[in-house]
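First listed ligand is number 1; within each ligand, the first listed atom is number 1. It should be emphasised that the depicted structure is a prediction, and the values quoted were computed from it without experimental measurement.
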Amino acid sequence: MKRRDFIKLSLTAGATAAASPFLAGAIPFRDSIAADALGDTIVTTPTVCNMCFWKCAGFVYKKNGIPWKITGNEADLHCQGRLCTRGTGGIGAYTDPDRLTTPLMRVEIDGQQSFKPVSWEEALNYISERLTLIKEQYGADRVAMFSHGDGASHFRHLLKAYGADSDSHPSYAQCRGPRDMGFELTFGEGVGSPDRTDMENARCIVLIGSHIGENLHNAQVQTFTKAVERGATIITVDPRFSVAASKSQHWLPIRPGTDIALLLAWIHVLINEGRYDQEYVAQYATGLEELHQYIQPYTPEWAYTETGIEPDTIRTTARAMAKASPACVVHPGRHVTWYGDDTQRSRAIAILNALLGSWGRKGGFYIPEKVRIPKYPTPPYPKAKSSWRDFTQTRYPLAHHAVTNTLIDASRGEDAHYKGWFIYGTNLPMTIPGIRDQLQEAIDQQELVVVIDVQPAEITGYADIILPECSYLERYDRLRNSPERVPSLAIRAPALEPRGDSKPGWWIAKQLSEKMGLGDYFPWSDYSEVLDWELQQAGSSLEEMKTLGHKPYPRKTPLYFAPREPRRFRTPSGKIELYSKTLSEHGFDPMPAYTRPDPVPEGYLRLNYGRVAAHTFGRTQNNPLLFELAPENVVWINPLIAADKQIRSGDYVRLKNSDGVISNEVRVRVTERIRPDSVYLPHGFGHTDKRLRLAFGKGADDSALMTRPAVDPIMGGTGMRTNFVTILTEDA
Ligand code: SF4
């Protein structure tokens, strides 16, 4: 069986019986047990939410052995005691009757490929035999991994021990990478997660393409809300009248794709009116003279012709930022892969913040700190003969992480470098735009494709072996130790017994290691031993953390720069680099260069996408609790377009892109809140895997319409706002 058919599984192959998960024997945790006034037994277990990657600490409650609710941990700054919609809906990740609950193996019967349930022994033996063959025939370095999420760490460790060093996270080239690169080139370090924005002390917040509110990063939304309440000036730049825009003094409905023009004009005003932080820039920055010269043509009047934003509005908003400086955050955003010039866009945002003196200052960007804990001792990894660098950095020398597309490319063709794939927690066909043909081609060349996930997804249809991981409520994961305002540790402990035959990631990786003679790298019998060892190094213990869930530690370094303190930045010059020699040496513009976006073709609309507050990417649509809140996405259409097409709110239409790709039917919302040159479609819907019985076929998949992504030449990010669509009505 060489070529792999994409298997659209029938519901019989490995689907969980629809019996109530509440009947699954949930074991009481031995501590944190109490009885309430009615005599019910309440058991609480600490967790770290995994419904998105903000990592809020909380507690899982069971009442009389039945999963009851999840709440936020009051002590945790990620959530300040309150979980978001998705976090409270975490119980649905456990109860989802469509979860994967047994290992599945691809088989061919009468020429027809399908999956059959197999034992763990059979599945793990198969994987370990294939990995051994790949190692013998080609070399251990010829295995790539694609991953998203904390649980991937166990498999990364396993593959490094095996001799592979090619792990890529789609979140780099499809989400945050350009932001981190833009800030690293300017300040020598990135924004991190949680974002180091000091919004709780900001007097002015500028959101340029960052829709806080619909993008629910918990504490960020809470501090933003508090900033609104205490009268901070909010400036929102968005072609759409977003929730954040509705809370703003200034909404700038910019022409899509022209952000850099606006940013350059703002820089122009700050410099030419002498409103930048001159002392800060003189002490910490280099390249002001070059920036001053470069910026001269980019007047607000010039920017008006590009952006559609009035020159007066540009000046007024720039002055509002300067007035609040340094307590002004020009927010770096998070998902920033839009037009292929995204590193330059992020550089412009970083430079603007530098001019406002907000980096390292109260109300701007604080200095994050994490708890220092030594690594649990395991043998050193063997040196991999090749790594992701050989494929990513030959194309994007400045990229600090693997670009997923480059590893997919290196897996295609008769001379494909990679011969085996591990895919953990990432649904590649719906995550990477325009990839489906290449994905099939690459997977056809693999000797082994392993998918590890909690639930079925489009990617599982490409696997040889599907390994069912239990949900985050049923497993230990590594400690949360994020760089942040107050260093802290938080723990995710198993609150519920694994459903069916699903297993924790650490268990799966350990079993594989033993089968492959790599057991020395997993020298413990249960992952709780690793956690306890690490916690002991930090003066705590697993026992203590099972009660606390979260523990803050005193900072060892200041939260902000001291006034006029000497400081060396981690850039080549040791200064904040307004002019980037690094970019220039690699043949890129050393200053943020503006490229006019392609105009919208006659008869088309720009496809903009985003999020709904109830869902994370395409991961949560089948969660029964969240499905109830948002079962499908809705396309926003301006009334002018709607009138022309005779469409009303509630009608269903299809979107067709300029390459002829047609979406599922999607419900319409006619609203003035979107510009007439664009439509807006939340991401993550339109699943095609029938095993997702709730989410299957609900709404339209924006990523399928993104057939023409624009690649960022600096770091390989895939700009996804470069497609155009028409609207098909039933009568068309
Ligand atoms: Fe969970 Fe919401 Fe926090 Fe994300 S922001 S970790 S979904 S509670």
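Only protein atoms were considered; those of element N, O or S under 2.8 Å from atom 4 (Fe) of ligand 1 number 1.
Salt bridge R478/D150: present, at least one basic N to carboxylate O contact under 4.0 Å. Ion pairing of R196 with E484 is absent here, as no side-chain N (NZ or NE/NH1/NH2) approaches a carboxylate O to less than 4.0 Å. The pair K247-E229 does not count as a salt bridge, with every side-chain nitrogen at least 4.0 angstrom from each carboxylate oxygen. A salt bridge links R667 to E632: at least one charged side-chain nitrogen sits closer than 4.0 Å to a carboxylate oxygen.
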Next on the checklist: If you apply the rule side chain to side chain donor-acceptor pair (under 3.5 Å), what do you find for H331 with Q220, and how did you get there?
Outcome noted: CA-CA 11 Å; H331 200 288; Q220 187 159 242; 2.7 Å; yes
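Applying the side chain to side chain contact (heavy atoms under 4.5 Å, CB included) rule to A402 yields the partners S168, W388, T392, L407; only residues at least two apart in sequence or on another chain are considered.
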